[in-house]
Each structure stands twice: as C-alpha cells, then as structure tokens.
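Everything numeric here is computed off the predicted structure, so don't read it as measured data.
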There are 2 protein chains.
Amino acid sequence: MNDIFYDILNRVKEKGYKLTPQRKAVVLAILNHDHMHLNTEEIYALVKEEYPKIGLATVYRTLIVLDELDVITKMNFDDGCIRYEINSETHQHHHLICRNCGKVIEVMEDLLDDIEAMVEEKYQFKIIDHNLKIYGLCKHCLDNQ
Amino acid sequence: MNDIFYDILNRVKEKGYKLTPQRKAVVLAILNHDHMHLNTEEIYALVKEEYPKIGLATVYRTLIVLDELDVITKMNFDDGCIRYEINSETHQHHHLICRNCGKVIEVMEDLLDDIEAMVEEKYQFKIIDHNLKIYGLCKHCLDNQ
DNA sequence: TAAAAAATGTCATTCATTGTCCATATCTCC
DNA sequence: GGAGATATGGACAATGAATGACATTTTTTA
Ligand SMILES: [Mn+2]
Ligand SMILES: [Mn+2]
Ligand SMILES: [Zn+2]
Ligand SMILES: [Zn+2]
C-alpha cells in the first residue's frame with residue numbers, strides 16, 4: 001500500500017508535476033477508500049478533514065492530472081457524476097450495477113480473453129484497456145422481488 | 001425498418017404516451033442515423049430541418065421517454081454528453097474507442113457468454129443488459145503511428 | 001365538435017466541471 | 001539554507017448539458 005503511494009508520487013514528479021501537499025492528500029484519500037468509487041465532492045470532503053483550506057477546483061485539477069498519468073480511471077455509473085478508481089497493473093475489473101437499488105458489485109474475474117483476441121485480430125485494434133458494466137438485478141433485490 | 005418504426009410508435013402508445021409529430025420526428029431521426037451515436041443537440045438539429053419550431057427541451061423529454069420504454073440506450077463515450085442508440089432485440093453490441101483519434105468502432109460479436117454465466121451463478125445476479133467499451137488504438141492510428 | 005388530459009415551447013435554473021487571475025508554494029541550483 | 005524561476009492553489013466567475021416551471025397548444029376520445 002505504501003509502495004503504491006510512493007510509486008504514484010514518483011510518477012507525478014517524473015512527469016514534471018510538483019509534489020504539493022494537496023496532491024498527496026488527494027492521492028491518499030483515494031488510496032484509503034479503494035473500491036468505493038468516490039466522486040469529486042466525496043474526495044473533496046475527505047481531504048478537507050485533514051486539509052480544510054483546500055479548494056474544490058484543486059481537487060478537480062488533481063484528478064485531471066492523476067487521470068492523465070493513468071493513476072486513476074474515470075467511471076460512469078449513470079448517476080450524474082464521474083467516479084474514480086485506482087488503476088491496477090492488470091486489466092480493470094468489471095462492475096455489476098443493480099437496476100433496482102443502484103448497488104455496484106465488483107467482479108475481479110476477467111474472462112474477456114476470447115473477445116479481446118478476436119478484436120485484436122479481426123479489427124486490428126491494439127487494446128489498452130476495457131470497461132464492462134453489466135446491468136441487472138442483485139441478489140438482494142431478487143429475493144425481496 | 002418501417003416495421004421497427006411502427007413497433008416503436010406502438011410501444012409509445014401502449015404505455016399511455018401520446019403520439020405527437022415531435023416524438024415521431026425524433027424517433028425517425030434516430031432510426032435514419034443508426035450506428036451514428038447521436039447526442040441530443042445533433043438529434044435536435046436533424047429534427048429541426050423538418051420541424052423548425054421544435055424546442056430543445058422537447059427533444060430531451062422525448063429521449064427520456066424512449067429510454068424509459070427501452071427503445072434507446074444511453075451511451076457515454078467520455079466526450080461530455082450522452083449519446084443514444086436504438087436498442088436491438090438481442091444484446092447490445094460492443095464499442096472500440098480509439099484513444100488517439102476518438103473513433104468509435106462497433107463490434108457485433110457478443111462473446112460474453114462465459115462471463116455472464118459466471119456472474120449469474122457466482123453472484124446470483126440476474127443480467128438484463130451489458131455495456132462493454134474497449135479502449136485502445138485503431139488500425140489507422142497504428143499505421144500512421 | 002368540445003372537454004379533459006397531456007405535451008410543447010419558452011425561458012429560467014440547476015449543478016458538475018472548467019477558466020481566470022494573482023498571491024503563494026515548490027523545485028532547482030548554487 | 002536561500003534566491004529565483006515557474007508551476008500551483010484558492011477564490012470566484014463562467015460554461016454548458018440537462019432539467020424545471022408554466023402558460024399555451026395539441027391530442028384523445030367520447
Ligand atoms: Mn470498481
Ligand atoms: Mn453502437
Ligand atoms: Zn439491488
Ligand atoms: Zn484512431
């Protein structure tokens with residue numbers, strides 16, 4: 001975990017961005033709330049606890065930088081805002097989204113090898129990443145019908 | 001094609017919505033530009049040619065109705081607006097998005113049976129639909145490097 | 001054709017995100 | 001450690017897609 005933190009800080013520095021306490025605080029907030037799919041306002045609220053003077057625009061700007069550096073990925077769960085997630089070295093995991101209660105469930109299994117092989121061959125498309133959302137009804141909503 | 005058009009009109013009527021010329025014009029504009037992933041402004045511009053008095057809010061409202069009726073699907077290609085697509089009876093197709101030029105390529109092959117079977121069994125999740133975006137570099141951008 | 005209900009057009013408003021500006025903090029090099 | 005060059009932060013304004021409000025018009029159905 002600390003490894004990841006310092007690796008990210010290094011990437012920020014290497015690309016010529018300055019290492020400010022605000023940027024460190026944003027990175028920490030995201031790292032400490034992995035798999036929670038925070039949006040900008042939520043990250044802002046978290047950072048503000050430790051760093052009350054920070055401005056919302058700074059959080060937005062930091063997220064733009066982190067996205068550019070491939071540190072985070074933008075996620076859209078159709079709820080009117082962008083949410084963020086730490087990028088893992090491997091491919092992005094998938095998300096199940098309940099059409100009834102809105103719950104988001106993560107699926108770590110990849111299982112996209114077939115389609116990726118087909119895409120690279122048939123479409124001559126060099127794959128960098130993917131994003132799979134599966135919509136449906138979660139167990140809880142099925143049971144309570 | 002005409003079948004699809006009248007089928008959609010019937011669905012609008014069956015659900016208790018009125019069949020207005022504005023709604024017909026919006027449906028036609030989408031049908032006549034299938035696979036083009038139009039956004040609201042683009043649909044508005046198209047409808048305005050035949051129906052100059054229509055208001056933008058009417059187009060937005062019509063799209064909300066069509067989405068509710070499962071006639072169309074909202075698409076997000078990370079370009080700051082929602083784009084729309086006619087829903088086919090079968091599962092939604094996939095999209096390849098070029099990280100260099102932004103081109104969107106459609107992939108009609110499904111190839112998600114494995115992962116869907118796994119999700120339904122392991123997560124007890126009743127699948128309704130899915131949305132797969134694959135990011136990478138298109139053939140053209142690879143060749144011109 | 002007319003009454004009732006719903007939809008349209010216009011305009012204002014919301015709200016996430018981005019731009020502007022200048023004081024301030026960071027980094028480099030000594 | 002400190003000075004200087006330069007990027008960054010904070011405050012606030014601005015943007016723009018999307019939605020809300022409401023008076024007027026259109027559709028439906030009898
Ligand atoms: Mn996730
Ligand atoms: Mn498509
Ligand atoms: Zn649910
Ligand atoms: Zn390309």
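Distance B:Leu63 CG to D:dT19 C1': 13 Å, rounded to the nearest Å. If you measure from atom OH of B:Tyr17 to atom P of C:dA7, you get 7 Å, rounded to the nearest angstrom. Atom-to-atom, NZ of B:Lys24 to C1' of C:dA7 comes out at 14 Å; the value is rounded to the nearest Å. Spacing between atom CG of A:Leu9 and atom C1' of C:dC27 amounts to 15 Å, rounded to whole angstrom units. Atom-to-atom, OH of B:Tyr44 to C1' of D:dA17 comes out at 14 Å; the value is rounded to the nearest Å. Across the protein-nucleic acid pair, A:Arg23 atom CZ and D:dG9 atom C1' stand 9 Å apart, rounded to whole Å.
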Identify the pairs formed between an N or O of the protein and an N or O of nucleotides 27-30 of chain D at a distance under 3.5 Å, and give each distance.
| residue | atom | partner | partner atom | Å |
| --- | --- | --- | --- | --- |
| D:dT27 | O2 | B:Lys18 | NZ | 3.4 |

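Residues from residues 68-84 of chain B with heavy atoms under 4.0 angstrom of DNA chain C: there are none. A heavy atom closer than 4.0 Å to some atom of DNA chain C occurs in A:Ala57, A:Tyr60, these being the qualifying members of residues 50-60 of chain A.
Each of B:Val47, B:Thr40, B:Leu46 was checked for a side-chain contact (heavy atoms from CB on, under 4.5 Å) with B:Ile43, and the lone residue meeting it is B:Val47.
Heavy-atom contacts from other residues, nucleotides or ligands closer than 6.0 Å to CD of A:Glu50 number 12 or fewer.
Every residue two or more places apart in sequence or in another chain that forms a side-chain hydrogen bond (donor to acceptor under 3.5 Å, both in side chains) with A:Arg83 is listed here: A:Glu42, A:Asp79. For B:Lys48, the side-chain hydrogen bond (donor to acceptor under 3.5 Å, both in side chains) test picks out B:Tyr44, with sequence neighbours left out. With sequence neighbours left out, A:Asp143 forms a side-chain hydrogen bond (donor to acceptor under 3.5 Å, both in side chains) with A:Lys139.
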TODO: Test A:His95 against A:Glu85 for side chain to side chain donor-acceptor pair (under 3.5 Å), laying out the working first.
DONE: CA-CA 12 Å; A:His95 294 100; A:Glu85 193 158 71; 3.3 Å; yes
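Side-chain N/O atoms of A:Thr40 include one lying less than 4.0 angstrom from OP1 or OP2 on C:dT17.
The side chain of B:Arg61 has D:dA21 as its nearest neighbour among C:dT17, D:dA21, D:dG9.
Side chain of B:Arg23 to backbone of B:Lys18: a donor-acceptor contact under 3.5 angstrom is found. Side-chain atoms of A:His130 come within 3.5 Å of backbone atoms of A:Gln92 as a donor-acceptor pair (strictly under, hydrogens ignored).
A:Tyr84 and A:His37 have their aromatic ring centers separated by at least 6.0 angstrom.
Ring-plane geometry between A:His93 and A:His35 is classed as tilted, the angle between the planes lying from 30 to 60 degrees on a 0 to 90 degree scale.
With respect to the salt-bridge test (charged N to carboxylate O, under 4.0 angstrom), the residues A:Lys122 and B:Glu109 qualify.
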